[in-house]
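What follows is one structure encoded as structure tokens, with my remarks underneath.
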Amino acid sequence: MDTVTLKVIGCGDAFGSGGRLNTCFFLKTPDSGMLMDCGASSLPGLKRYGILTDDVDTIVISHFHGDHYGGVPFVLLDAAIGGRQRKITVITPAGGREKIAALLELLYPGTPVIEKLDIDFMEYTAGIPLKSGALELLAFPMVHSAPALPHGLRIGIAGKTVAFSGDTSWTEELCPLSADADLFICECNFLDKVTKAHLSYREIEARFEGFRCKRMVLTHMDDEMIGSGDEIRIERLHDGLELEI
């Protein structure tokens, strides 16, 4: 079975708590490279760890908040200026092409980017399997800011399954999303605070035995969660960490 690695480019929240970069994970197989989310700070994060935009074949976006997709224009700009010839696939909730094109026009008006690249824009719908090359994706509806179209992502690649909650408050959809996954990346913004937008550690801890994933890791933490000590019994991510799946 092929080795799949995950490099944490950024696992911070929208406010850069703890000095961490916005959400971006680089999944690497012997044959492909994929970004799961691409927050606004993703391009400098990739370069920090020696990952070129040419190493990225696919970008998958969980929802339309800037700390999760605001880096896509910069990654595409870097690829276009660098003369990329290979196709790049961008997979989003509905409306991704239009939103990314609008961002590019706001940030770099009059600069041809999409026109210079071979981009395959694809859209997923919750509950409907999507396939792109060797990647299989199933999206689950999450409970976050509804206009951002929040989804959890279950990705099959190279014989492994990686599940990612995106941003969400508690929903029973987290259980089938993470079931039997080799790795489940779960947001955990707060230690105790319960909101309608994000999860707290106490909520996850109370339901921990109900998760059937092989490994769970926590992401998208605020300063209190980052600074919490031995009471946290679930593995926490940090920028630069590399995991073998």
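Fair warning: this is a prediction, and the values are worked out from it, not measured in the lab. Side-chain atoms are counted along with the backbone in the values below, which use heavy atoms only and exclude waters and symmetry mates.
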Quiz prompt | Flag side-chain contact, heavy atom, 4.5 Å: Phe164 against Val60 | solution = no

Quiz item: Distance-only, no hydrogens or angles: does the Glu231 side chain make a donor-acceptor pair with backbone N or O of Arg233 under 3.5 Å?
Solution: no

Self-check item: Salt bridge present between Arg86 and Asp54 (N-O < 4.0 angstrom)
Solution: yes

Quiz item: Counting distance only, does the side-chain N/O of Asp120 pair as donor-acceptor with the main-chain N or O of Ile88 below 3.5 Å?
Solution: no

Exercise. Run the numbers on Ser32 and Thr29 for side chain to side chain donor-acceptor pair (under 3.5 Å), then give the verdict.
Key: CA-CA 5 Å; Ser32 66; Thr29 76; 3.1 Å; yes

Practice problem: Could you tell me whether Tyr124 and His151 have their ring centroids closer than 6.0 angstrom? | Solution: yes

Quiz item: So, do Leu137 and Leu135 sit near enough that their side-chain heavy atoms are less than 4.5 Å apart?
Solution: yes

Quiz item: Any donor and acceptor pair, going by atom type alone, linking the side chain of Lys196 with main-chain N or O of Ser169 inside 3.5 Å?
Solution: no

Quiz item: Roughly how far, to the nearest 0.5 Å, is the CG atom of Leu183 from the CD1 atom of Ile245?
Solution: 5.0 Å

Quiz item: Rounded to the nearest 0.5 Å, how far does CD1 of Ile232 lie from CG of Leu191?
Solution: 5.5 Å

Quiz item: Cluster question for you: counting only ILVMFWY and a side-chain heavy-atom cut-off of under 4.5 Å, with indirect links fine, are Leu27 and Ile91 together?
Solution: yes

Quiz item: Between Lys99 and Phe64, is NZ or CZ placed under 6.0 angstrom from the six-membered ring centre and within 45° of the ring axis?
Solution: yes

Exercise. Could you check if a side-chain atom of His144 sits within less than 4.5 angstrom of a side-chain atom of His65, using non-hydrogen atoms only?
Key: yes

Quiz item: Closest heavy-atom contact between Glu235 and Leu243?
Solution: OE2-CD2, 4.1 Å

Quiz item: Taking all non-hydrogen atoms of both residues, which atom of Pro150 and which atom of Ser145 are closest, and how far apart?
Solution: CD-O, 3.4 Å

Exercise. Return each pair, listed once, that meets ring pair (Phe, Tyr, Trp, His ring centres under 6.0 Å) where at least one residue sits in residues 215-245; pairs must be two or more places apart or across chains.
Key: His68-His220, His198-His220

Self-check item: Cluster link Leu199 to Met216, ILVMFWY, side chain under 4.5 Å
Solution: yes

Quiz item: Checking side chain to side chain donor-acceptor pair (under 3.5 Å) for the pair Ser17/Asp222: CA distance, chi angles, key distance, verdict?
Solution: CA-CA 5 Å; Ser17 295; Asp222 71 357; over 6 Å; no

Exercise. May I ask you to decide whether Asp55 forms a salt bridge with Lys28, counting only side-chain N to carboxylate O separations under 4.0 Å?
Key: no

Exercise. Would you indicate whether the side-chain heavy atoms of Pro93 and Glu123 approach each other to under 4.5 Å?
Key: no

Quiz item: When rounded to the nearest 0.5 angstrom, what is the spacing between CG in Leu77 and CG in Leu107?
Solution: 9.5 Å

Quiz item: Once you round to the nearest 0.5 Å, how far does SG of Cys38 lie from CD1 of Ile61?
Solution: 5.5 Å

Quiz item: Where is the tightest heavy-atom contact between Glu224 and Asp192, given as atom of each residue plus distance?
Solution: OE2-OD2, 4.3 Å

Quiz item: Cut-off 3.5 Å, side chains only: do Asp78 and Thr53 have a donor facing an acceptor?
Solution: yes

Quiz item: Tell me, do Asn189 and Met221 make a side-chain contact under 4.5 Å, heavy atoms counted?
Solution: no

Quiz item: Does the side chain of Gln85 reach to within under 4.5 Å of the side chain of Leu117, using non-hydrogen atoms?
Solution: no

Self-check item: Flag, side chain of Arg20 to backbone of Phe15, donor-acceptor distance under 3.5 Å
Solution: no

Exercise. Verify the cluster assignment for Leu177 and Leu153: are they in a single hydrophobic cluster under the rule of side-chain heavy atoms below 4.5 Å apart?
Key: no

Quiz item: Side chains of Ile119 and Val90: closer than 4.5 Å at any heavy-atom pair?
Solution: yes

Quiz item: Taking all non-hydrogen atoms of both residues, which atom of Asp57 and which atom of Arg84 are closest, and how far apart?
Solution: CA-NH2, 4.0 Å

Quiz prompt | Centroid-centroid distance, Phe184 to Phe211, less than 6.0 Å | solution = yes

Practice problem: Answer yes when Arg154 and Glu136 have at least one side-chain N-carboxylate O distance shorter than 4.0 Å, and no when they do not. | Solution: no

Exercise. Please examine the side chains of Thr92 and Tyr69, heavy atoms only from C-beta on, and report whether any two atoms are closer than 4.5 Å.
Key: no

Quiz item: Is there a donor-acceptor pair under 3.5 Å between the side chain of Thr171 and the backbone N or O of Glu173?
Solution: yes

Exercise. Decide whether Met34 and Val56 are clustered together by the hydrophobic rule: side chain heavy atoms of Ile, Leu, Val, Met, Phe, Trp, Tyr closer than 4.5 Å, transitively.
Key: no

Practice problem: Determine the minimum heavy-atom distance between Ala40 and Asn22, stating which atoms define it. | Solution: N-OD1, 3.3 Å

Quiz item: Distance from Glu242 atom CD to Thr5 atom OG1, nearest 0.5 Å?
Solution: 5.0 Å

Quiz item: Where the side chain of Glu105 meets the backbone of Ala102, is there a donor-acceptor pair that is under 3.5 Å apart?
Solution: no

Self-check item: Check: Asp37/Ser62 side-chain N/O donor and acceptor closer than 3.5 Å
Solution: yes

Quiz item: Taking a hydrophobic cluster as the set of Ile, Leu, Val, Met, Phe, Trp and Tyr residues connected by side-chain heavy atoms closer than 4.5 Å, whether directly or through intermediates, do Met122 and Leu76 fall within one such cluster?
Solution: no

Self-check item: side-chain contact (heavy atoms from CB on, under 4.5 Å) evaluation trace for Phe121 with Ile100
Solution: CA-CA 10 Å; Phe121 285 97; Ile100 291 165; 4.0 Å; yes

Exercise. Mind listing the closest non-hydrogen atom pair of Ser42 and Thr23 along with its distance?
Key: OG-O, 4.1 Å

Quiz item: Can you check ring pair (Phe, Tyr, Trp, His ring centres under 6.0 Å) on Phe190 and Tyr201, steps first, answer last?
Solution: CA-CA 6 Å; Phe190 306 114; Tyr201 177 71; over 10 Å; no

Self-check item: Euclidean distance, Ile204 CD1 relative to Trp170 CH2, rounded to 0.5 Å
Solution: 8.0 Å

